[in-house]
Each structure stands twice: as C-alpha cells, then as structure tokens.
Amino acid sequence: MQKSSTCSFMYGELTDKKTIEKVRQAFDNYESNCFEVLLYRKNRTPVWFYMQIAPIRNENDKVVLFLCTFKDITVFKQPIEDESTRGWTKFARLTRALTTSKSTIQQLTPMSRTDITSHKHSRLAEVLQLGSDILPQYKQEAPKTPPHIILHYCTFKTTWDWVILILTFYTAIMVPYNVSFKTKQNNVTWLVLDSVVDVIFLVDIVLNFHTTFVGPGGEVISDPKLIRMNYLKTWFVIDLLSCLPYDIINAFENVDEGISSLFSSLKVVRLLRLGRVARKLDHYLEYGAAVLVLLVCVFGLVAHWLACIWYSIGDYEVIDEQTNSVKTDSWLYQLATSIGSPYRYNASGTGQWEGGPGKDSLYITSLYFTMTSLTTIGFGNIAPTTDGEKIFSVAMMMVGCECLSSFIITMYYNILQVKSL
C-alpha cells in the first residue's frame with residue numbers, strides 16, 4: 001500500500017521504457033489511459049498486464065484518487081524466455097504459458113449476449129434512481145454492509161423513495177387545501193388518510209437511520225454510527241416536524257378553537273420536505289421535456305397555494321365580527337350573490353352567519369382568479385375590493401412575473417442547448 005501507483009517497483013530489464021514514460025505522464029496529467037506493460041512478480045517472473053488508469057474526481061472536479069485495474073494477458077502475448085525455460089522450444093514455452101494461465105483465460109472469456117444484457121444499466125434505470133448521487137460503474141457492486149443496513153441505491157429503497165415522493169406531492173397539495181378550507185372538521189375519512197401518511201413518513205425516518213449514503217470522497221458509507229450522525233445533521237428535524245400527528249388534537253371535542261387552528265397551521269411545515277424532492281430531481285434537468293413538465297407542475301402548485309391563501313383572506317374578511325355583519329364589498333359575498341347562495345344570519349339557531357357558496361365552487365373560483373392573475377390576463381369578473389385582498393393581489397402579480405420570466409428564460413436556454421448540439 002506504500003508503493004507508487006506507477007508500479008515502478010515491478011519494472012525489470014524487459015519493461016519498455018516508452019510505456020514507463022506514458023504511465024508516468026498519465027498520472028502526472030490526470031489522464032485516463034490504458035497500456036500493455038511487462039511487469040515482474042516478487043520471484044522475478046515476467047508477466048504481461050493490461051493496465052487501465054482512471055482518475056476519480058469529486059463534485060469540485062478535483063482528482064481525489066486513481067482507479068487502476070490490471071488484467072493478466074500473458075497467455076495472449078509472445079512466450080517470454082526466462083532462466084527456467086531457457087533452451088526450451090517455442091512450443092514448449094507456449095504450452096507452459098497456457099497451462100499456468102487457465103484461470104486467466106476463463107476470466108477473459110467474452111460474456112454471452114444474455115450476460116451482457118443482464119449487466120447493462122439503461123439510462124432509464126439511472127433516471128428512476130432517486131438517490132442524491134448516481135454511483136459510478138465501478139461502485140455498482142454491492143459492498144459488504146451490516147445486516148440491518150440498506151443500500152441507498154437498491155431496488156427496495158428506490159421504490160420506497162418514489163412512494164415518499166408521491167406522498168410529498170400529495171402533502172404539498174392537500175395540506176394547504178385542508179388548512180384553508182377546513183375540510184377535516186368532523187371528517188373521519190380525511191383524518192384516517194392523513195394519519196396513514198404520518199405513519200409512512202415516520203417509517204421513512206426509521207429507514208433513513210439505516211440507509212447508506214455517499215461520502216465526500218465518493219465512497220459508500222455503511223457505518224451505522226456515521227449514518228445516524230449524518231441524518232441527524234441534515235434532514236432529521238425537518239422530517240420529524242413533517243410527520244407529527246397534528247390532526248390528532250383536532251379529533252378531540254373539548255379543544256380550544258385557537259389551539260386547534262394553530263396545530264392545523266403547523267401542518268404546513270410538511271412542505272419543507274419539498275427541499276428533498278428538489279435535490280432528488282436535479283438529474284432530470286438535462287432533459288428539455290422534463291424541464292418543461294417540471295415548470296408546468298411548479299406553476300400549477302404555486303397557483304394552488306395562492307388560491308388557498310386568497311380564499312383564506314376572503315373568508316377572514318367577509319364577516320365583520322365587531323358589527324356581526326357581512327361585508328358586501330368582499331369577493332366572497334359577490335360570488336355568493338351571483339350564484340344564488342347568499343349568506344344568511346341564523347338568529348333563532350346557532351346565532352351565526354350561514355350559507356354561502358360550496359367549498360368546491362369556492363376553490364375553483366379561487367384557482368381561476370389566481371391563474372388569471374399569474375398569467376397577467378385578469379378578466380376582472382373577480383376583483384379584489386378590500387385592502388387585504390388588494391395587497392395580496394399585488395404580491396401575486398409580482399410572483400406571476402417572476403414565474404413567467406423564469407419559464408421563458410429556461411425554455412430559451414434549452415432551445416439554445418438543442419441548437420448547439
């Protein structure tokens with residue numbers, strides 16, 4: 001291990017001087033190359049090797065190590081005359097070389113077509129791999145790991161990452177909707193469904209404590225202690241906050257309404273898991289079609305979030321709690337009047353305002369308004385009237401400008417890349 005990678009300690013009198021110089025230059029210039037070189041064993045027996053040199057670079061494009069492979073090709077070279085075979089005929093020396101290199105012949109025998117097909121890694125398999133780092137070819141053999149440690153690029157972990165990815169998108173869509181439109185009040189179905197998602201996220205935390213990761217030098221880290229420390233320093237806090245059962249408190253009847261609303265709002269913390277999704281989807285950005293699909297999905301997700309906020313502002317301002325009256329200039333009141341579902345005060349019963357549009361109609365109308373505002377169309381049939389609605393509309397128009405400009409710049413950049421190819 002303390003010898004030079006050029007294998008200068010294995011050179012002999014028959015080693016070609018030009019090949020020695022090429023090997024040295026390959027290491028000095030950090031180049032990938034291959035050579036046929038004659039080296040000597042410890043007992044001074046000459047052996048022909050097919051030597052391959054490959055520099056390994058880190059994320060900063062700096063060479064951190066060299067990967068050198070050697071294949072014994074003596075059987076395919078001219079038999080070498082040494083002291084033990086001096087005086088032998090050429091046929092005798094060739095027979096000896098073939099006999100002593102039987103294992104080498106078996107190793108160098110070309111694989112069958114089925115073997116090549118079974119070991120060939122398709123581009124689709126690399127794209128579906130959701131790990132943060134795609135392993136190089138020489139690392140795709142499964143390393144020795146403890147029994148309770150899972151390889152981060154195995155089939156089970158890849159499938160599990162896709163499940164978590166889908167549930168994260170579900171969370172990004174449903175959490176703002178449930179918080180704004182209060183769909184989980186007295187709704188057991190939503191409570192059970194979200195509890196199942198919480199359990200799956202909790203299982204994901206347990207699996208992350210037993211999953212390997214790629215170290216700074218490109219090596220696979222399988223030490224349990226290092227895995228735990230790495231996860232605790234990175235995504236553990238965010239994952240823990242995202243899987244806490246905030247809805248359990250709302251299931252109790254004698255819970256203060258303010259505390260219940262607070263815990264419902266804390267579910268928005270789950271959206272922080274989208275940071276992990278962004279890291280996992282980095283390798284999609286080299287495909288123009290994938291970039292277009294991702295941009296459309298991001299635009300739709302932003303419009304969905306803004307629609308939930310838009311409704312929350314209207315729902316907060318439509319009822320004046322001080323005077324216990326409805327604000328006739330609110331967009332919710334105007335929508336209720338236009339569709340024939342006006343607000344009414346139940347003086348004999350609950351003593352509260354009732355009626356108004358249904359939740360489906362409210363969401364569709366909110367999404368329609370945010371889409372028209374983000375795309376700078378704005379028909380004006382739904383318009384902000386109160387101060388809070390106007391302030392939010394201004395902010396939403398600024399977000400729309402940013403989204404559209406990013407969309408146009410990204411597509412123009414991809415078109416230029418296609419033309420350059």
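If you read the sequence from its start, that first residue is 1, and numbering goes on from there.
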- Query: Residues in side chain to side chain donor-acceptor pair (under 3.5 Å) with T212, at least two apart?
  - Reply: H152

- Note on the structure: For W310, the ring-ring contact (aromatic ring centres under 6.0 Å, His included) test, sequence neighbours excluded, returns W331, F369

- Item | side chain to side chain donor-acceptor pair (under 3.5 Å) against T372, all qualifying residues, sequence neighbours excluded | none

- Note, F299 side chain near V302 side chain (heavy atom, < 4.5 Å): no

- Task: Return the set of residues passing ring-ring contact (aromatic ring centres under 6.0 Å, His included) with F27 (not counting sequence neighbours), or none when no residue passes.
- Result: F66

- Item | For T385, all residues meeting side chain to side chain donor-acceptor pair (under 3.5 Å), sequence neighbours excluded | E389

- In chain order, what residues pass the side-chain contact (heavy atoms from CB on, under 4.5 Å) check against L167, with sequence neighbours excluded? V163, V197, I200, F201

- Could you give the distance from CG (L38) to CE (M10), rounded to the nearest 0.5 Å? 9.5 Å

- At what distance, to the nearest 0.5 angstrom, does OG of S366 lie from CD1 of I382? 7.5 Å

- Qualifying residues under side-chain contact (heavy atoms from CB on, under 4.5 Å), relative to I173, sequence neighbours excluded: L301, H304

- Task: Decide yes or no for I205 and F236: does some side-chain heavy atom of the first lie under 4.5 Å from some side-chain heavy atom of the second?
- Result: yes

- Under a 4.5 Å cut-off applied to non-hydrogen side-chain atoms, are F181 and D315 in contact? no

- Excluding sequence neighbours, so at least two apart, what forms side-chain contact (heavy atoms from CB on, under 4.5 Å) with A303? L367, T370, M371, L374

- Residues passing the side-chain contact (heavy atoms from CB on, under 4.5 Å) test with N43, sequence neighbours excluded, are R41, T45

- Query: Do I149 and P224 come close enough that some side-chain heavy atom pair is under 4.5 Å?
  - Reply: yes

- Between F213 and T234, is any pair of side-chain heavy atoms under 4.5 Å apart? no

- Note on the structure: Contacts of Y316 meeting ring-ring contact (aromatic ring centres under 6.0 Å, His included) (sequence neighbours excluded), chain-then-number -> none

- Counterpart residues, side chain to side chain donor-acceptor pair (under 3.5 Å), relative to T365 (two or more places apart): none

- Task: Supply the atom-to-atom distance D329 CG to Q334 CD, rounded to the nearest 0.5 angstrom.
- Result: 7.5 Å

- Task: Please list all pairs passing the salt bridge (Lys or Arg N to Asp or Glu O under 4.0 Å) test where one or both residues lie in residues 10-21, with sequence neighbours left out.
- Result: E21-R24

